Enquirer: 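Take this structure, written in structure tokens, and hold onto it; I'll ask about it next.
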Amino acid sequence: MKVGKRQARHALPGRALRGLMPVLSTRAGRTAVLLVGIVFALLCFADAALAQKRGGVLRMFQRDNPPSTSIHEEFSPATVVPFMPVFNNLVMFDPSVPQNSDKSIVPDLAESWSWNEDKTELTFKLRRGVKWHDGWAFTAADVECTFNLLTGRARDKLKNNPRGSWYGNINYVRGSNDYEVTIHLNHPQPSLLTLLASGLSPIYPCHIPGAQMRQKPIGTGPFKLEAFKQFDSVRLVRNPDYFKPGKPHLDGIEFYIASSPSTALLGFVAGRYDITFPWEVTIPQLRDVRRQSPRAVCETTSMNNNTNILVNRETAPFDKPDIRRALSLALDRRAFIAANEGDGQIGGTMQPPSDGMWGLSTDRLATVPGYGPDVEKNREDARAIMGRAGFGPEKRMRTKVQTRALSLYRNPAAILVDQLREIHIDAELDVVEASQWFPRLARKDYTIGLNTTGNGVDDPDQAFFENFSCRSERNYNGYCNGEIERLFELQSSEADHDKRKQMVWEIDAKLLADGARPTIMWNRSATCWQPYVKGYVAQVNSMFNAFRFEDVWLDR
């Protein structure tokens, strides 16, 4: 049985221990040293507890208006960041560990978990005494209801189900009593715990209808929703009945929706905000923040987010594979990274190492057509393809590149337009209002889209099934390859980590060669917070999993 409890280890200072060595040879001496060690450990715990001050309200600006308050129906950090503190998961990633992995998973609503012998049943022992914000008791029935929603078995349907592809392997979920529940799988799936630990996998209450969860959700989390004013603010207040003793430390959190991110950043510099929206500070902006606010703590990390090209495969001439291949061959990826002041990585469909755990190595990536270092050779091949399709210096293709009205999208889109000219494509930049971007993608109302893709967890089951499976809601460009999708299933069942990684690399290379969603670069940017904000740890391979804020406190 794998138990989610963590044991603290303590040691006497080396000098003191060496001083006690002469008495360790006696039983009484060993007993005395043990008692001293216990006292020392208790003092360390006491110091840590006293250091964490209680009270205060954390203020953060929010870059987008949340489409709704229902995490299960949305896929944007605009919803996850302000509303993750309202909920709990069965398990979660330890927020003090920067890299999310199966080794950093800790208990949340579940006290412990265990697999059956053939790894097709995952059983959770649930905490007792947990209450929803309205006073109802949390039980195994709530876990059943949540997964019935996610797998489409509930009467009360989700309006959108962007994570439905995560849980296609679930046969059914059943509680044996109020405090034990088992997830039954069709075949083994080693990644299941990783998926369950994401901030995108909260447990919902059975007794609250979906319509309310979209406007005023009820959770078990450290904070309760006090007010949500569309296009203005979200205000959370401390849950006095939270089941984790001593948490949260804050009295509340306030998120202010900023129509102008640059103006909001000036507000941070002026002290109006305690922390920036995660990864909102671009590398060029970071220099200005450090100059204007030298005491601010700023950390640049990867965020498992890549800039990529979406091609509408239903619109001529991009319904032809050769033309789509030419787009990928036209790219000079190093120029995109240079525009971000050199901060970024070239990679495939999985986040590259070392922040990512599954991405292709540099040598392996260079063997994929279009991803090698000889940009001019790639472009010669692209021009040859365009020539065979009837395009050249005298007859150039005219099209549009659509993108979102945010600097993370708009700046690389301008570079893409410039680079496409190298292969006889004259593209007009079409900037779409930020809130309309994803609805347009869902309607396939675009030709060439410059998009960014943020992954909920660093695992192939999430990245492959969500972005590239034929029926996924998040497969925006309609890519569908049955042969490759069957490989998704095979890697998902593989228990041996090294074997699974080799299978993932093969799939990654096939997706890139097939032009499924050409990756331009993997992004890096910064989060900044005032020096009195304590307990926040920026993550390196997720932009969705570290916003419970139950460990954050204000030292002022």
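None of these values were measured; they are calculated from a predicted model.
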Enquirer: Please output the side-chain donor-acceptor pairs of residues 263-271 that fall under 3.5 Å, not counting sequence neighbours, one pair per line with the distance.
Expert:
residue	atom	partner	partner atom	Å
Thr263	OG1	Ser260	OG	3.0

Enquirer: Which residues pass the side chain to side chain contact (heavy atoms under 4.5 Å, CB included) test with Ile337, not counting sequence neighbours?
Expert: Ile346, Met521
Enquirer: Salt bridge (Lys or Arg N to Asp or Glu O under 4.0 Å): which pairs involve residues 470-490, sequence neighbours left out?
Expert: Glu466-Arg474
Enquirer: Who passes ring-ring contact (aromatic ring centres under 6.0 Å, His included) against Tyr536, sequence neighbours left out?
Expert: Trp529
Enquirer: Decide yes or no on salt bridge (charged side-chain N to carboxylate O under 4.0 Å, His left out) for Arg383 and Glu376, but give the supporting numbers first.
Expert: CA-CA 10 Å; Arg383 285 189 286 266; Glu376 187 49 43; 2.5 Å; yes
Enquirer: Step through the shown structure and confirm whether more than 12 heavy atoms of other residues, nucleotides or ligands are within 6.0 Å of NZ on Lys510.
Expert: no
Enquirer: May I have all residue pairs that pass salt bridge (Lys or Arg N to Asp or Glu O under 4.0 Å) and include part of residues 354-366, sequence neighbours excluded?
Expert: Asp355-Arg524, Arg364-Glu506
Enquirer: With a 4.5 Å heavy-atom cut-off, do Val457 and Asn100 have their side chains touching?
Expert: no
Enquirer: Less than 4.0 angstrom from a charged side-chain N to a carboxylate O is my criterion; do Glu494 and Lys499 meet it?
Expert: no
Enquirer: Students often mix this up, so state it plainly: with edges at 30° and 60°, are the rings of Trp358 and His497 parallel, tilted or perpendicular?
Expert: tilted
Enquirer: Is atom CZ of Arg443 surrounded by more than 12 heavy atoms (other residues, nucleotides or ligands) closer than 6.0 Å?
Expert: yes
Enquirer: Who passes side chain to side chain contact (heavy atoms under 4.5 Å, CB included) against Asp381, sequence neighbours left out?
Expert: Leu329, Lys377
Enquirer: In terms of relative ring orientation, are Tyr273 and Tyr256 parallel, tilted or perpendicular, with 30° and 60° separating the classes?
Expert: tilted
Enquirer: Does anything in residues 260-272 pair up under salt bridge (Lys or Arg N to Asp or Glu O under 4.0 Å), and if so which pairs, sequence neighbours excluded?
Expert: none
Enquirer: Using the side-chain hydrogen bond (donor to acceptor under 3.5 Å, both in side chains) criterion, which residues pair with Thr276? Sequence neighbours excluded.
Expert: none
Enquirer: Taking the side chain as every heavy atom from C-beta outward, state whether Pro278 and Met543 have any atom pair closer than 4.5 Å.
Expert: no
Enquirer: Is the shortest side-chain heavy-atom distance between Phe318 and Leu327 below 4.5 Å?
Expert: yes
Enquirer: Mind checking what makes side chain to side chain contact (heavy atoms under 4.5 Å, CB included) contact with Asp498, not counting sequence neighbours?
Expert: Asp496
Enquirer: Glu73: which residues meet the salt bridge (charged side-chain N to carboxylate O under 4.0 Å, His left out) condition with it, sequence neighbours left out?
Expert: Arg214
Enquirer: Among residues two or more places apart or on two chains, list those pairs meeting salt bridge (Lys or Arg N to Asp or Glu O under 4.0 Å) that have a residue in residues 191-201.
Expert: none
Enquirer: Not counting sequence neighbours, which residues clear side chain to side chain contact (heavy atoms under 4.5 Å, CB included) with Asp319? List them please.
Expert: Ala316
